[in-house]
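Treat the numbers as computed from the prediction; the structure is a model and nothing was measured. Indexing begins at 1, ligand by ligand and atom by atom, following the structure's order. Hydrogens, waters and symmetry mates are skipped; everything else that's a heavy atom, side chains included, is used.
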Amino acid sequence: MKNYIIFKKIINKTIPADIVYQDKIVTAFKDINPQAPIHILIIPNIFIISINEINENNSYIIEHMFRISLKIAKKENISQDGYRIVINCNKNGGQEINYLHMHLLGGKKLGKIC
Ligand code: AMP
């Protein structure tokens with residue numbers, strides 16, 4: 001099974017996930033292997049394999065993903081202390097699931113990566 005199928009199944013709720021937000025454009029759910037007290041993945045409802053596929057026709061989705069990340073950060077009470085948004089891309093960027101996703105991490109002081 002291609003690994004992006006997992007995220008498709010989470011969107012249409014055919015496998016269980018802790019969904020914290022969903023609208024017509026995105027779905028957000030808790031990461032199964034959290035790297036911080038708050039670790040939420042935000043994904044587009046339409047399949048986009050990676051950030052490499054963003055163009056002028058679908059960039060509204062990225063904007064929406066950022067807006068919803070901020071909304072969730074506020075709801076989770078991490079916006080004042082701070083948080084990190086990460087998008088891994090392909091092999092060298094450490095992308096394991098081939099379905100575009102944004103990591104929202106917070107709830108502790110995160111180690112610097114750059
Ligand atoms: P990446 O390494 O950027 O591709 O991130 C993939 C993320 O998906 C990892 O942090 C995994 O822990 C997470 N993940 C994989 N399968 C699931 C799942 N079924 N539910 C929630 N998170 C998942």
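Through side-chain heavy atoms spaced under 4.5 Å, either directly or across other Ile, Leu, Val, Met, Phe, Trp or Tyr residues, L105 is tied to V86, L110.
For ligand 1, residues of the protein lying within 4.0 angstrom by heavy-atom distance are I6, F7, I10, F29, K30, D31, I32, N33, L41, N88, G94, Q95, E96, I97, H101, H103.
Of the possible donor and acceptor atoms, none in the side chain of D81 sits under 3.5 Å from a partner among the backbone N and O of I78.
Note on ring orientation: taking the six-membered ring where Trp is involved, the planes of H103 and H39 are tilted (angle from 30° to 60°).
Applying the ring-ring contact (aromatic ring centres under 6.0 Å, His included) test to residues at least two apart or on different chains, none of the pairs has a partner in residues 52-77.
Checking each of L41, I10, I11 against Y99 for a side-chain contact (heavy atoms from CB on, under 4.5 Å) leaves exactly one that passes, namely I11.
Not counting sequence neighbours, R84 has no partner by the salt bridge (charged side-chain N to carboxylate O under 4.0 Å, His left out) test.
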